[in-house]
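Scroll down for the structure; my scribbles are underneath it.
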Amino acid sequence: MDETSFERAAEKTLQQLMAALEEALGDEAEVDLEGGILTVELEAGGTYLLNMHRPNRQIWLSSPKSGAWHFDADPAAPGHWISTRGGGRLHDLLGRELGHDLAPG
């Protein structure tokens, strides 16, 4: 994946996640996307950070529950990002930790 394709795909994923998180979490969290960094601050405590990591062409997740994760674009399924440690999908991991279905449309 070239840099331009990566940036488009990652930005689209972060925007989709922002919309899904705002809808799913409502008043339970403050969700903000700025400069390629998606921040989810939970009212109950804890902050999730997701960002585009351009040099590796990955999306990185920092989770207060499970730590650091790196995700590569899934060439077989556009819009899906696969963990470099175990192969799980970004949307599934985040949804499981937050207790909501965040699957891409």
Side-chain angles (χ1 to χ4, degrees):
M1 174 181 293
D2 65 41
E3 187 173 345
T4 301
S5 298
F6 161 74
E7 287 186 13
R8 268 195 303 258
E11 185 66 30
K12 182 177 179 179
T13 296
L14 293 176
Q15 289 173 353
Q16 186 274 331
L17 276 170
M18 182 181 77
L21 288 163
E22 286 177 333
E23 183 177 328
L25 298 174
D27 293 337
E28 298 174 39
E30 180 69 31
V31 181
D32 184 52
L33 177 60
E34 188 171 324
I37 301 171
L38 178 60
T39 305
V40 182
E41 293 183 50
L42 302 174
E43 283 288 319
T47 300
Y48 287 83
L49 293 173
L50 295 102
N51 69 290
M52 293 187 276
H53 191 264
R54 287 174 179 87
N56 292 2
R57 295 193 175 116
Q58 295 176 327
I59 291 179
W60 286 10
L61 165 67
S62 173
S63 162
K65 289 186 178 184
S66 60
W69 294 82
H70 302 160
F71 296 86
D72 291 321
D74 183 348
H80 291 274
W81 295 78
I82 303 298
S83 170
T84 60
R85 69 173 212 209
R89 290 185 174 186
L90 169 62
H91 289 75
D92 296 339
L93 171 72
L94 198 54
R96 200 169 37 254
E97 288 194 14
L98 295 170
H100 295 279
D101 180 14
L102 302 174

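Along the sequence shown, the residues carry numbers beginning at 1. Since the structure is predicted, the reported quantities are computational estimates derived from the model, not experimental observations.
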Donor-acceptor pair, side chain of Thr13 and main chain of Ala9, under 3.5 angstrom: yes
Side-chain donor-acceptor pair present, Thr84, Gln58, cut-off under 3.5 Å: no
Atom pair CZ/CG of Arg96 and Leu102 - distance to nearest 0.5 Å: 11.0 Å
Worked verdict on Leu17 versus Leu94 for side chain to side chain contact (heavy atoms under 4.5 Å, CB included): CA-CA 10 Å; Leu17 276 170; Leu94 198 54; 4.1 Å; yes
Distance-only side-chain donor-acceptor flag, Glu41 / Tyr48, under 3.5 Å: no
Trp69 six-ring face occupied by Arg85 cation (under 6.0 Å, within 45°): yes
Test item: side-chain donor near acceptor, His91 and Gln16, under 3.5 Å: yes
Leu21 CG to Leu33 CG distance, which is reported to the nearest 0.5 Å: 10.5 Å
Derivation and outcome, side chain to side chain contact (heavy atoms under 4.5 Å, CB included), residues Leu38 and Asp32: CA-CA 6 Å; Leu38 178 60; Asp32 184 52; over 6 Å; no
Residues which pass side-chain contact (heavy atoms from CB on, under 4.5 Å) with Glu43, listed by chain and number, not counting sequence neighbours: none
Parallel, tilted or perpendicular, as decided by the 30° and 60° cut-offs, for the rings of His53 and Trp60: parallel
Close side-chain approach of Glu28 and Leu42, heavy atoms under 4.5 Å: no
Shared hydrophobic cluster, Leu49 / Phe71 (ILVMFWY, side-chain heavy atoms < 4.5 Å): no
Arg54 and Glu3: CA distance, side-chain angles, deciding distance, salt bridge (Lys or Arg N to Asp or Glu O under 4.0 Å) verdict: CA-CA 7 Å; Arg54 287 174 179 87; Glu3 187 173 345; 5.2 Å; no
Atom pair OG/CG of Ser83 and Leu93 - distance to nearest 0.5 Å: 7.5 Å
Nearest-0.5 Å distance that lies between atom NE2 in His80 and atom CG in Asp92: 8.0 Å
Reported CE-to-CZ distance for the pair Met1 and Arg8, which is rounded to 0.5 angstrom: 9.5 Å
Test item: Met18 and Leu50 side chains (from C-beta on) under 4.5 Å apart, heavy atoms: no
